[in-house]
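All remarks here apply to the structure that follows.
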Amino acid sequence: MELKAINEVYNKQSRPEKILQFGEGNFLRAFCDWMIDLVNEKTDFNGNIVVVQPLEKGMVDMINEQESLYTTVLRGIQDKKSVSEKRTITSISRCLNPYAQYDEYMKCADNPDLRFVISNTTEAGIAYLEGCKLEDTPPASFPAKVCQFLYRRYKTFNGDSSKGLVFIPCELIDKNGFHLHNYVIQYANEWKLEKEFIDWVENACSFCCSLVDRIVPGYPREEADALCNELGYKDNLLDAAEIFHLWVIEGKDYSAELPFHKANLNVIWTEDMSFYRTRKVRILNGTHTMFVPAAVQYGLTTVEESLNDETMYAFIEKGLFEEIIPSMDGDKAALESYAGDVLERFRNPFIKHLLMSITLNSVSKFKTRDLPSVIGYIEKFGKVPPVLSFSIAALINFYKTCKEAKEDQAILDHFAALFAKTSDAKEIVTDVLSQEAWWGENLNNRAGLTDAVASSLAKIWSDGMNNAVTDLVK
C-alpha cells in the first residue's frame with residue numbers, strides 16, 4: 001500500500017486540530033507526535049497536530065509531500081530482549097511555514113478547538129531577541145511568535161478565558177516553561193499591549209515546564225532502503241528512535257484533556273519535576289560523563305562496546321550503583337529501577353553512540369552531572385568515592401593524551417601549560433581541583449579528594465588505563 005493511501009484508511013483529516021507544534025525535527029516526530037498518534041488510537045482524544053516550522057528553512061515541504069505521514073522505527077533492549085516496533089504516524093494534519101504562509105499560520109489562532117502548544121526550537125529558541133515587533137510577519141524569536149499568536153487569539157475570542165492555551169515546551173533547558181512565559185510577558189510589555197491581554201495570558205494560559213527523555217538518531221540512512229522494502233512503501237521521513245520514553249510535565253495536571261495514561265505512555269504530571277530532572281542528569285548523563293574518558297583511553301569507541309566489555313561494565317556498574325545512587329536523596333528502589341533502564345538503553349545495539357561525541361566540554365559536564373554525586377557521597381559517608389574520584393583522574397589524563405579533545409579553549413590552554421610545567425601527579429591534581437571557575441569551589445578543600453585523585457592519576461601513568469581500571473573494579 002502507498003504511504004499516502006493511509007490517509008484514507010485512518011481518515012485523519014476528520015479530526016479537529018487541537019495541538020500547535022513549533023518544530024518539525026526528528027525528536028518531536030518520534031516523541032510527541034508518536035505519543036499523540038497512540039492517544040488517538042487508544043482514547044477518545046481525537047485530535048490532530050498542526051506543525052509550524054520555527055525557522056525560515058526546514059522540513060515542512062518534505063513533510064507535506066508525504067501528506068504529513070511517516071514511519072517511526074523504535075528499537076532497543078527490554079528485559080534483555082531485542083524489541084522492534086514500526087508505526088505509521090497519522091497525528092499531523094498539515095505543516096506550515098509562517099515565513100511563506102503567515103496568514104494561514106495565524107488563522108490557527110482563531111481555531112476554537114486549539115488547546116495545547118508543544119515546542120522544540122533548540123536550546124537557543126527560548127530567548128529574547130531585540131527588535132521583534134508585533135507587526136512582523138512573523139517575528140524572528142519563538143517567544144515573540146508566541147506573544148503575537150496569543151494576542152491574535154485574545155482578540156478573536158474577546159478575552160474568553162476558556163480559549164487560553166497550555167504550553168508544554170520540550171527545549172532542553174532548565175525551567176523551559178518558566179522562561180518562555182517570562183519572555184512572552186516581556187514582549188507584551190515592550191509592545192505596550194493592553195493590561196487585559198497580559199492578565200489573560202497570566203490567568204487563562206498555562207506554561208508548563210517539561211523534561212523529555214528519548215534517544216532519537218533520526219533518519220536511518222544506512223538501513224533506509226532495506227526498511228522501506230520491508231514496509232512496502234518509500235518513506236523519506238523514516239524516524240528511528242529507542243524504545244524507552246519519558247515525559248515529565250510540571251504544573252497543573254491536564255491528563256483529563258490529554259490522556260497519555262490511557263494509552264499506557266510513560267508521561268508523568270507533577271507539581272515539582274526536580275527529582276526527575278536530578279535523576280536524569282546524575283544517573284543517565286552523569287554515568288556517561290563518569291566512564292567515557294576512561295573508556296576512550298581504555299581503547300573503546302562506542303557506548304554499546306563499553307557495556308559489552310566485562311571490565312568496563314564492572315567500572316560503570318560500581319560507580320552507578322555504589323556511588324552515584326547512594327549519594328542521592330529519594331526512593332532508592334525507584335533510582336535503581338531507572339538506572340537499570342539506563343544501562344539497557346546504553347546497550348542498545350541499534351544506536352551507535354560514539355564515546356568521543358560525549359566528551360565534548362567534559363569539564364562543564366562533570367561539574368553539572370557528576371560533581372554533585374562526588375560531594376554528596378563525601379558528605380553522606382565521610383569518605384571519597386573510588387570510581388568517581390578515579391574518573392576525575394581519567395578526565396585529567398584525557399586532556400593530556402587526547403589531541404582530539406573538544407573543550408573550551410581557555411581550559412585546553414590551561415591543561416597544556418600545566419602539563420608542560422610539571423609531571424608530578426599531586427601538583428597537577430592540586431592545580432586542577434583549585435580551579436573555582438571550573439567547579440564552583442576549590443575541591444582541594446574536600447577531605448581526601450586531592451590524594452585520591454592524585455593516587456589514581458599516578459596509577460594510570462604507572463600501570464596504564466586498562467590495568468588501572470581492572471585493579472579498581474577488583
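The model shown is predicted, which means the values in this text are computed figures rather than measured ones. Heavy-atom basis, side chains included; hydrogens, waters and symmetry copies ignored.
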Show, in sequence, the C-alpha distance, side-chain angles and deciding distance for Gln53 and Tyr105, and conclude whether the side chain to side chain donor-acceptor pair (under 3.5 Å) test is met. CA-CA 10 Å; Gln53 185 174 288; Tyr105 150 67; over 6 Å; no
May I ask you to check whether over 12 heavy atoms, not counting those of Lys252, lie within 6.0 Å of atom NZ? no
Does the cation-pi check pass for Arg214 over Phe27, that is, NZ or CZ under 6.0 Å from the six-membered ring centre and within 45° of its axis? no
Donor-acceptor under 3.5 Å (Ser364 side chain, Asn361 main chain): yes
Exceeds 12 heavy-atom contacts within 6.0 angstrom, atom CD of Glu436: yes
Interatomic spacing from CD1 in Ile63 to OG in Ser68 - rounded to 0.5 Å: 7.0 Å
Mind running side chain to side chain donor-acceptor pair (under 3.5 Å) on Asn40 and Ser91 for me, showing each step along the way? CA-CA 8 Å; Asn40 279 331; Ser91 55; 5.5 Å; no
Taking every heavy atom of Glu441 against every heavy atom of Ile375, the minimum-distance pair comes out as OE2-CD1, 3.4 Å
If we count only N and O atoms by modelled type, under 3.5 Å, do the side chains of Asn203 and Ser161 hold a donor and an acceptor together? no
So that I can tick it off, tell me whether Lys195 and Asp199 are bridged by a salt bridge, with the cut-off set at under 4.0 angstrom between side-chain N and carboxylate O. yes
Which residues pass the side-chain hydrogen bond (donor to acceptor under 3.5 Å, both in side chains) test with Trp247, not counting sequence neighbours? Ser210
Can you give me every donor-acceptor pair (side chain of residues 334-345, partner residue at least two apart or in another chain, under 3.5 Å) with its distance?
{"unit_1": "Tyr338", "atom_1": "OH", "unit_2": "Asp213", "atom_2": "OD2", "d": "3.0"}
{"unit_1": "Glu344", "atom_1": "OE2", "unit_2": "Asp79", "atom_2": "N", "d": "3.0"}
{"unit_1": "Glu344", "atom_1": "OE2", "unit_2": "Lys80", "atom_2": "N", "d": "3.1"}
{"unit_1": "Arg345", "atom_1": "NE", "unit_2": "Glu242", "atom_2": "OE1", "d": "3.0"}
{"unit_1": "Arg345", "atom_1": "NE", "unit_2": "Glu242", "atom_2": "OE2", "d": "3.0"}
{"unit_1": "Arg345", "atom_1": "NH1", "unit_2": "Asp213", "atom_2": "OD1", "d": "3.3"}
{"unit_1": "Arg345", "atom_1": "NH1", "unit_2": "Asp213", "atom_2": "OD2", "d": "3.2"}
{"unit_1": "Arg345", "atom_1": "NH2", "unit_2": "Asp213", "atom_2": "OD1", "d": "2.7"}
{"unit_1": "Arg345", "atom_1": "NH2", "unit_2": "Glu242", "atom_2": "OE2", "d": "2.6"}

On a heavy-atom basis, which atom in Ile283 and which in Met328 lie closest, and how many Å separate them? CG1-SD, 4.0 Å
Just checking Asp225: does its CG atom have more than 12 heavy atoms from other residues, nucleotides or ligands closer to it than 6.0 angstrom? no
From CA spacing to verdict: side-chain contact (heavy atoms from CB on, under 4.5 Å), Ile19, Val117: CA-CA 6 Å; Ile19 300 173; Val117 180; over 6 Å; no
Pair Glu230 + Lys86: basic N to acidic O under 4.0 Å: yes
What closest approach, in Å, do Trp191 and Gln148 show between heavy atoms, and which atom pair accounts for it? CZ3-N, 3.9 Å
Test side-chain contact (heavy atoms from CB on, under 4.5 Å) on Ile118 and Phe22 and set out the steps. CA-CA 6 Å; Ile118 295 168; Phe22 286 89; over 6 Å; no
Sub-3.5 Å donor-acceptor pair from the side chain of Gln101 to the main-chain atoms of Asn97, do we have one? yes
Per-pair distances, 0.1 Å, donor-acceptor, side chain in residues 129-143, under 3.5 Å, sequence neighbours excluded:
{"unit_1": "Asp136", "atom_1": "OD2", "unit_2": "Lys133", "atom_2": "N", "d": "2.8"}
{"unit_1": "Ser141", "atom_1": "OG", "unit_2": "Ala144", "atom_2": "N", "d": "3.0"}
{"unit_1": "Ser141", "atom_1": "OG", "unit_2": "Tyr187", "atom_2": "OH", "d": "3.0"}

Mark yes or no for whether Ser357, through its side chain, and His353, through its backbone, hold a donor-acceptor pair below 3.5 Å. no
For the residue pair Asp239 and Thr72, confirm or rule out a side-chain donor-acceptor distance under 3.5 Å. no
Distance-minimising heavy-atom pair for Met290 and Ile316: CE-O, 3.7 Å
Report the residues that fulfil ring pair (Phe, Tyr, Trp, His ring centres under 6.0 Å) with Phe45, sequence neighbours left out, ordered by chain and then residue number. none
Is it the case that the side chain of Glu304 and the backbone of Ile351 share a donor-acceptor pair, with hydrogens and angles ignored and the cut-off at 3.5 Å? no
For Lys175, is the NZ atom crowded, meaning more than 12 foreign heavy atoms sit under 6.0 Å from it? no
Going by an N to O cut-off under 4.0 Å, is there a salt bridge joining Arg446 and Glu379? yes
Does Arg153 count as lying over the ring of Trp200, i.e. NZ or CZ under 6.0 Å from the six-ring centre, within 45 degrees of the axis? no
Regarding Asp413 and Gln409, do their side chains bring together a donor and an acceptor under 3.5 Å, going by distance alone? yes
Going through the distances and angles, do Phe167 and Val146 end up as a side-chain contact (heavy atoms from CB on, under 4.5 Å)? CA-CA 10 Å; Phe167 290 82; Val146 169; 3.5 Å; yes
Assess, by modelled atom type and distance only, whether the side chains of Arg15 and Asn46 contain a donor and an acceptor separated by less than 3.5 Å. no
Quick one, Trp438 and Val432 - any side-chain contact, counting heavy atoms below 4.5 Å? yes
I'd like to check the ring pair (Phe, Tyr, Trp, His ring centres under 6.0 Å) partners of Phe419; sequence neighbours left out, ordered by chain and number. Phe415
Ser255 (side chain) donor-acceptor with Leu258 (main chain) under 3.5 angstrom: no
If you apply the rule side chain to side chain donor-acceptor pair (under 3.5 Å), what do you find for Asp272 with Ser274, and how did you get there? CA-CA 6 Å; Asp272 183 1; Ser274 56; 2.8 Å; yes
Drop me the distance from Leu237's CG to Tyr70's OH, to the nearest 0.5 angstrom. 9.0 Å
Between Phe346 and His288, is the ring centre distance below 6.0 Å? yes
Would you check, one step at a time, whether the test side-chain contact (heavy atoms from CB on, under 4.5 Å) holds for Glu323 with Ser391? CA-CA 12 Å; Glu323 298 179 17; Ser391 70; over 6 Å; no
When you measure from the side chain of Gln66 to the backbone of Leu69, do you find a donor-acceptor pair of N or O atoms at a distance under 3.5 Å? yes
What heavy-atom pair brings Ile198 and Leu193 nearest, and what distance separates the two atoms? CD1-O, 4.2 Å
So, the side chain of Glu171 versus the backbone of Thr121: is there a donor-acceptor pair under 3.5 Å, distance only? yes
Does the pair Thr270 and Glu250 meet the rule for a side chain to side chain donor-acceptor pair (under 3.5 Å), with working shown? CA-CA 5 Å; Thr270 179; Glu250 180 183 85; over 6 Å; no
Please report the interatomic distance OG(Ser362) to CG(Asp408), rounded to the nearest 0.5 Å. 12.5 Å
Going by the salt bridge (charged side-chain N to carboxylate O under 4.0 Å, His left out) test, which pairs reach into residues 356-376, not counting sequence neighbours? none
Side chains of Ser373 and Arg282 only: does a donor on one sit below 3.5 Å from an acceptor on the other? yes
Whether the side chain of Gln21 engages the backbone of Val50 through a donor-acceptor N/O pair (distance < 3.5 Å, no angle test) should be reported. no
Could you check whether Glu190 and Tyr128, counting side-chain N and O atoms only, form a donor-acceptor pair closer than 3.5 Å? yes
Smallest separation among heavy atoms of Gly47 and Ile36, with atom names: O-CG2, 4.0 Å
Please confirm whether the backbone N or O of Asp431 pairs with a side-chain atom of Ser434, one donor and one acceptor, at under 3.5 Å? yes
Main-chain N/O of Arg152 paired with Thr156 side-chain donor or acceptor, under 3.5 Å: yes
